[in-house]
Each structure stands twice: as C-alpha cells, then as structure tokens.
Asker: 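If you scroll down you'll find the structure; I have some questions about it.
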Amino acid sequence: MNYIEENNKIILSDFDSFDIEEILECGQCFRFNKIDEKHYKIIAFNKVLNIKQENNKVEFYPCNKKDFENIWINYFDLNTDYMKIKEELSKNDDVLKEAIEYAGGIRILKQDTFECLISFIISQNNRIPMIKKVIENISCKYGNKLEENIYAFPTLEQLLNATNEELKECKTGFRAKYIIDAVEKVKNKTVNIDEFPKLSTEELKENLMQIKGVGIKVADCVILFSNSRMEVFPTDVWVKRVMEYFYFDKYIINIKEIHKLANEKWGNYAGYAQQYLFHYARQKGIGKK
DNA sequence: ATCCAGGATCTCC
DNA sequence: GGAGATCATGGA
C-alpha cells in the first residue's frame with residue numbers, strides 16, 4: 001500500500017483486496033450512496049467522504065493525510081493482510097474459494113459502535129434498502145448537518161430526546177422501543193461502550209444482549225463490525241441458507257450448530273468467512289425459494 | 001393478496 | 001427449555 005496527498009485528496013496505489021463497490025454493497029454498512037461506477041459517497045465518523053476507484057488507484061476526498069491516517073486507514077482496515085486471510089480460507093474449501101473469487105475486494109469496515117448498535121437493531125426482520133432509509137430518516141431528524149441534504153448519524157446525546165412516536169415516524173416500526181432501550185442503557189452505562197475493548201467476546205455479547213431487541217445475531221454484527229471480534233459468525237436468513245445449502249445439506253433448526261461448525265472450520269477468521277458467504281449468497285440467491 | 005426481510009420476544013406447553 | 005405466533009413496514 002502506498003498513498004500521497006494532493007489538493008486535499010488522498011490517492012492510494014499499490015494495494016490489494018480492495019473494491020469499494022463490494023466493500024459497501026456487501027451488507028455490512030448502510031450510510032453510502034452510489035454516485036457513479038466505483039464512485040461512492042459515505043457518511044461516517046461525522047464526515048462525508050468520496051471514494052472513487054479506477055484502474056489501480058483509489059481516491060479519497062475531501063481528505064488530508066492526517067484524517068486518512070487517523071480515521072480512514074483503520075475504518076477501511078487497510079493494515080490487515082487480506083491476501084493471507086483469503087488464502088487461508090480458500091484452502092480446502094471450494095465454497096469459500098468460489099465466494100472469495102466472486103468478491104475478493106471485500107474488507108470488514110471498523111465502524112462506530114453506537115451507530116452500529118442502533119443500525120443493526122433496525123436491521124432485524126427488515127430489508128437492506130429499508131434499513132438504509134430508516135437510518136437516513138433518523139440521521140436527518142437528529143444528526144448534525146454536514147452538507148446540503150447530508151446528515152451525520154446522531155450521537156448518543158442527540159438521541160436521548162427521541163420519543164417513541166418520533167422514532168415511529170422515522171419508520172422504525174416495532175423497533176422504536178428497542179432503540180429507546182438501547183439509548184437508555186448506553187447512557188446509564190449498563191452497556192458501557194467505552195469498556196468494550198476490555199471485555200472478552202462472550203462478556204461483550206452478554207452485555208449487549210441485555211438490551212431489548214438485541215439477540216445473538218444483532219450482538220454478533222455489532223461485535224464483528226465495530227469491535228473487531230473476527231471469530232463471531234453472524235447468522236441471518238442468508239447465512240443460514242448458504243450454510244444449509246453448502247455445508248449441511250439439510251435444514252438446520254439450531255443456530256448453535258452453525259456457529260459450532262463455523263468455529264471449527266474457520267476459528268478466528270469466521271467473521272471474514274461470514275461476510276464473503278453472505279454477499280455471495282445474497283447476490284446469487286443461494287437457497288432462496 | 002400473501003409472503004418475506006442481515007430477528008427478537010412473548011406465550012404456552 | 002424449545003417450538004410457534006407476533007411484531008411494523010413496504011416491495012415483490
């Protein structure tokens with residue numbers, strides 16, 4: 001990886017395993033807009049960032065070297081060796097090999113914990129385009145204005161005032177009460193986000209699941225996408241289907257059975273495997289009736 | 001119209 | 001402790 005700053009723009013070259021379309025469209029994050037082919041605008045960490053990929057370079061703008069190094073290198077997980085991960089996962093596993101060949105440019109973003117928590121509460125029993133809309137509604141209503149028609153995801157303090165009625169107007173549906181409970185428990189530190197790095201993955205999971213509306217899957221997403229616990233294996237309908245289809249050849253009732261296999265097969269890389277499989281399954285419609 | 005979505009909870013046995 | 005119904009909302 002190599003990068004230079006030029007007119008408030010970072011130009012990245014000499015990289016591998018990076019495809020901005022795959023990274024954003026693979027279902028791990030929700031606050032992005034497609035401007036053009038391989039040109040996206042994202043909203044994260046109270047900032048708007050363009051990412052434009054062409055040939056063998058990626059441009060990030062507006063962005064100076066300081067922000068790139070302090071925020072975006074970590075956010076895009078640019079210091080992780082994905083070639084090694086992909087090689088390891090592809091070994092003796094034709095299914096993952098295929099999924100990785102299909103979208104080898106995925107990287108697991110390192111997102112903000114609070115945003116991730118609220119976003120994945122909204123995600124339950126919902127479709128991705130709708131999830132994006134609801135998060136957009138909430139951001140417009142409570143978040144900082146960054147540009148014309150672009151609002152940051154609200155902070156904890158900004159969401160403290162949110163009422164059940166207002167949240168329902170944002171189309172959260174039955175999840176409104178869950179969001180209120182999450183905000184309350186983060187505020188009173190029943191769920192202490194600042195302490196997350198000190199907790200074991202199991203402790204972290206139990207802690208998050210004290211929130212109403214946070215079960216195993218939502219907790220796993222928060223843990224994986226914002227706390228770098230790469231051993232978890234969030235299992236939604238798509239992951240369940242792709243696992244049943246390729247690895248079990250039967251209908252699985254207990255999700256723990258899937259988690260057990262994922263742990264045995266992929267260990268600390270299970271989170272990566274999950275993302276390749278999820279994206280592949282969704283794009284190809286694997287197991288869908 | 002009926003089914004379903006990056007599920008979790010409540011009910012009832 | 002484990003199945004089954006229920007929960008808003010909108011697109012197919």
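To find a chain, count down the sequence lines: A is the first, B the second, and so on, and within it residues start at 1.
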Asker: Which residues pass the salt bridge (Lys or Arg N to Asp or Glu O under 4.0 Å) test with A:K86, sequence neighbours left out?
Answerer: none
Asker: With Watson-Crick and G-U wobble geometry limited to distances under 3.5 Å, how should the secondary structure of DNA chain B be encoded in dot-bracket form, using | for bases paired to another strand and [ ] for crossing pairs?
Answerer: .||||.|||||||
Asker: Tell me every residue that passes side-chain hydrogen bond (donor to acceptor under 3.5 Å, both in side chains) with A:E98, counting only those two or more places apart in sequence or in another chain.
Answerer: A:Y280
Asker: Hey, what else clusters with A:I253 if you join Ile, Leu, Val, Met, Phe, Trp, Tyr whenever side-chain heavy atoms sit under 4.5 Å?
Answerer: A:Y251
Asker: Is it the case that the side chains of A:T201 and A:E231 hold a donor-acceptor pair, with the cut-off being a distance below 3.5 Å and no angle test?
Answerer: yes
Asker: So which protein nitrogen or oxygen atoms get under 3.5 Å of nucleotides 8-12 of chain C's nitrogens or oxygens?
Answerer:
unit_1	atom_1	unit_2	atom_2	d
C:dA8	O4'	A:F174	N	3.2
C:dA8	N6	A:N125	ND2	3.0
C:dA8	N1	A:N125	ND2	3.3
C:dG10	N2	A:R127	NH1	2.2

Asker: Using the salt bridge (Lys or Arg N to Asp or Glu O under 4.0 Å) criterion, which residues pair with A:K250? Sequence neighbours excluded.
Answerer: A:E257
Asker: Output side-chain donor-acceptor pairs under 3.5 Å for residues 157-165 of chain A, partner residues at least two apart or in another chain, one line each.
Answerer:
unit_1	atom_1	unit_2	atom_2	d
A:Q158	OE1	A:T155	N	2.9
A:Q158	OE1	A:T155	OG1	3.4
A:Q158	NE2	A:Y142	O	3.4
A:Q158	NE2	A:N144	OD1	2.8
A:T163	OG1	A:E166	N	3.1

Asker: Where along residues 251-263 of chain A does a heavy atom fall under 4.0 Å from DNA chain B?
Answerer: none
Asker: With ILVMFWY side chains joined below 4.5 Å, transitively, what does A:L146's cluster contain besides itself?
Answerer: A:I43, A:V48, A:I150
Asker: Between the protein and nucleotides 9-13 of chain B, which nitrogen or oxygen pairs come in under 3.5 angstrom?
Answerer:
unit_1	atom_1	unit_2	atom_2	d
B:dT9	OP1	A:G213	N	2.8

Asker: Hydrophobic side-chain clustering at under 4.5 Å (ILVMFWY, transitive links): who's grouped with A:I11? Put none if nobody.
Answerer: A:I4
Asker: I'd like to check the ring-ring contact (aromatic ring centres under 6.0 Å, His included) partners of A:Y245; sequence neighbours left out, ordered by chain and number.
Answerer: none
